[in-house]
**Student:** 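This structure is in structure tokens; I'll ask about it shortly.
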Amino acid sequence: MENIRGSVLMVAAMGLFALEDMFIKRAAQALPVGQVLMLFGLGGMLAFMALTARRGERLFHPAILGRAMIVKAVMEVIGRLGYTLGIALTPLSNASAILQATPLVVVAGAALIFGERVGPRRWAAIVIGFLGVLIVLRPGMAGFVPAALFTVMGMLGFAGRDLATRAAPKVLSNMQLGIYGFAMLIPTGAGLLAFTGGAVWPGLGAAGQILAATVFGVAAYWGLTAAMRIGEVSVVTPFRYTRLIFALILGAVAFGERPDAATLIGSAVIIASGVYTLLRGRRAGPSG
């Protein structure tokens with residue numbers, strides 16, 4: 001029952017993350033991306049501050065000044081900035097497909113940075129997964145969209161953030177990490193806005209979309225954390241890939257997107273490689 005509950009929570013969290021992406025994309029159609037980042041970061045920071053205070057934890061902890069947390073903050077900025085630009089400038093389904101390669105980068109990074117042993121089968125799956133990303137991107141072909149490289153930047157940033165989180169001080173809770181992660185979006189958005197200019201007063205529609213993105217994002221983060229704590233990691237983690245299914249549905253319904261064959265094939269390759277890498281890692285243990 002715990003694995004079933006954890007799996008349901010994981011699927012629900014991925015659906016909420018997809019809704020967050022949809023509302024951010026909608027907001028970016030009315031507001032500059034830098035302004036969207038600022039408002040989204042402010043809303044998320046305040047939400048996690050409230051959750052942290054409710055748990056009786058400190059809002060500011062000296063441990064955030066450690067090297068691992070500084071690296072995490074930088075990677076958070078790269079990830080959020082790149083992915084937000086990606087979903088604003090390219091189809092939601094394409095951006096979500098590229099994002100699914102994040103676990104593959106995390107596994108490769110854990111081997112190269114932390115010395116975790118990854119066997120030849122998992123390395124082969126990682127390489128195949130990266131080929132799936134290239135199929136979605138189509139570099140040098142007619143369907144290539146240069147703005148999709150922002151999504152690749154975001155994916156690499158999120159992978160770096162996840163790796164840095166492994167080295168984060170254990171005294172920091174997930175809620176506290178949420179505060180600092182969202183707080184970094186405020187100066188990031190301000191910097192982007194200063195560079196591009198064009199700040200506008202958000203109308204009710206845009207403000208509502210930012211609010212909805214924040215609510216769904218915070219709820220998704222809670223669901224993800226609960227799923228990982230309730231169920232076995234090897235059982236619930238593969239359900240992270242359901243985010244792409246939700247993105248395909250929302251992209252079609254909300255934005256009229258129709259993914260082509262290359263996007264669907266590349267997505268299937270990425271997901272198959274990711275699931276194999278996860279399952280193989282659990283079955284084979286540290287030897288890979």
Side-chain angles (χ1 to χ4, degrees), residues 1-24 79 83 86-87 92-110 116 118 121-122 125-126 128-130 132-133 136 151 154-155 158-159 161-163 165-166 174-175 177-178 181 213 215-254 259 263-285 288:
M1 286 301 298
E2 289 182 344
N3 282 335
I4 293 175
R5 289 174 56 204
S7 300
V8 171
L9 279 170
M10 180 63 78
V11 173
M14 294 304 104
L16 292 170
F17 274 128
L19 285 169
E20 172 199 312
D21 292 344
M22 181 193 73
F23 281 111
I24 287 179
Y83 188 61
I87 61 177
L92 181 62
S93 52
N94 287 50
S96 185
I98 295 172
L99 185 67
Q100 305 312 307
T102 303
L104 297 172
V105 180
V106 171
V107 172
E116 294 186 11
V118 176
R121 294 183 182 179
R122 281 203 288 167
I126 290 170
I128 293 172
F130 291 160
V133 173
V136 175
T151 308
M155 180 265 292
F158 284 145
R161 177 200 63 185
D162 292 349
L163 288 168
T165 300
R166 294 191 181 192
N174 289 329
M175 298 298 109
L177 292 175
V215 171
F216 285 126
V218 171
Y221 186 88
W222 178 88
L224 173 64
T225 303
M228 297 298 285
R229 287 179 172 175
I230 292 175
E232 298 176 37
V233 175
S234 59
V235 174
V236 303
T237 299
F239 286 96
R240 293 177 74 118
Y241 291 103
T242 58
R243 180 172 181 169
L244 178 56
I245 298 174
F246 290 114
L248 290 171
I249 295 172
L250 291 174
V253 173
T263 299
L264 295 176
I265 293 172
S267 300
V269 171
I270 294 169
I271 292 176
S273 301
V275 171
Y276 176 83
T277 302
L278 290 170
L279 297 180
R280 177 69 187 173
R282 299 299 172 188
R283 187 182 304 123

**Student:** Atom CD1 in I271, atom CD1 in I245: separation rounded to 0.5 Å?
**Tutor:**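 Going from the CD1 atom of I271 to the CD1 atom of I245 covers 6.5 Å.
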
**Student:** How many angstroms lie between atom CH2 of W222 and atom CE of M175, to the nearest 0.5 angstrom?
**Tutor:**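 With rounding to 0.5 Å, CH2 (W222) is 9.5 Å from CE (M175).
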
**Student:** Say you draw a straight line from OH of Y241 to CG of L278; how long is it, rounded to the nearest 0.5 Å?
**Tutor:**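 Y241 OH to L278 CG: 5.0 Å, rounded to 0.5 Å.
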
**Student:** When rounded to the nearest 0.5 angstrom, what distance separates OG1 in T102 from CE in M155?
**Tutor:**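 Going from OG1 on T102 over to CE on M155, the span is 6.0 Å.
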
**Student:** Indicate yes or no: at least one non-hydrogen side-chain atom of F158 is less than 4.5 angstrom from one of V106.
**Tutor:**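 No, too far: nothing below the 4.5 Å cut-off.
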
**Student:** Contact between T277 and P103 at the side-chain level, heavy atoms closer than 4.5 Å - yes or no?
**Tutor:**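 No, every pair of side-chain atoms sits at 4.5 Å or beyond.
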
**Student:** Do M14 and L224 come within less than 4.5 Å of each other through their side chains, counting heavy atoms only?
**Tutor:**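 Contact flag for M14/L224 side chains = yes.
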
**Student:** Any idea which heavy atoms bring L279 and P238 closest together, and the distance?
**Tutor:**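 Closest approach of L279 to P238, heavy atoms only: CD2-CG, 4.2 Å.
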
**Student:** Ignoring hydrogens, what is the shortest heavy-atom contact between I126 and V107? Give both atom names and the distance.
**Tutor:**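 Of all heavy-atom pairs spanning I126 and V107, the closest is CD1-CG1, 3.8 Å.
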
**Student:** Tell me the closest heavy-atom pair linking A247 and A18, and the distance in Å.
**Tutor:**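 Reported closest heavy-atom pair: N-CB, 4.1 Å.
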
**Student:** Considering non-hydrogen atoms only, spot the tightest contact between E20 and F216 and give its length.
**Tutor:**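 Closest heavy-atom pair between E20 and F216: N-CB, 4.2 Å.
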
**Student:** Indicate yes or no for a side-chain donor-acceptor contact from T263 to the backbone of P259 under 3.5 Å, with no hydrogens or angles considered.
**Tutor:**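 Checking the backbone N and O of P259 against the side chain of T263, no donor-acceptor pair under 3.5 Å is found.
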
**Student:** Report the C-alpha distance between Y221 and N174 in whole Å, list the side-chain angles of each, state the deciding distance to 0.1 Å, and finish with yes or no for side-chain contact (heavy atoms from CB on, under 4.5 Å).
**Tutor:** CA-CA 9 Å; Y221 186 88; N174 289 329; 3.7 Å; yes

**Student:** Kindly indicate whether the side chain of I87, heavy atoms from C-beta on, has any atom under 4.5 Å from the side chain of M22.
**Tutor:**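 I87 does not reach M22 side chain to side chain.
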
**Student:** With a 4.5 Å heavy-atom cut-off, do D21 and Y83 have their side chains touching?
**Tutor:**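 In short, these two side chains touch, coming nearer than 4.5 Å.
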
**Student:** If you look at every heavy atom in A220 and L16, which pair is closest and at what distance?
**Tutor:**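 Closest heavy-atom pair between A220 and L16: CB-CB, 3.5 Å.
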
**Student:** Is there a side-chain contact between L19 and F246 (heavy atoms, below 4.5 Å)?
**Tutor:**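 A side-chain contact is absent here, since even the closest heavy-atom pair is not under 4.5 Å.
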
**Student:** Only one of I270, V275, V269 clears side-chain contact (heavy atoms from CB on, under 4.5 Å) with S273; which?
**Tutor:**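 Only one of I270, V275, V269 forms a side-chain contact (heavy atoms from CB on, under 4.5 Å) with S273, namely V269.
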
**Student:** Given side-chain contact (heavy atoms from CB on, under 4.5 Å), test S96 with R243 step by step and report yes or no.
**Tutor:** CA-CA 8 Å; S96 185; R243 180 172 181 169; 4.2 Å; yes

**Student:** Taking all heavy atoms of A226 and all of L9, pick out the closest pair and write down the distance.
**Tutor:**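 For A226 and L9, the tightest heavy-atom pair comes out as CB-CD1, 3.9 Å.
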
**Student:** Roughly how far, to the nearest 0.5 Å, is the CG atom of N3 from the CE atom of M10?
**Tutor:**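 So the CE of M10 and the CG of N3 are separated by 11.5 Å.
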
**Student:** In Å and rounded to the nearest 0.5 Å, what is the CD1 to CG distance from I98 to L244?
**Tutor:**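 The CD1 atom of I98 sits 11.0 Å away from the CG atom of L244.
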
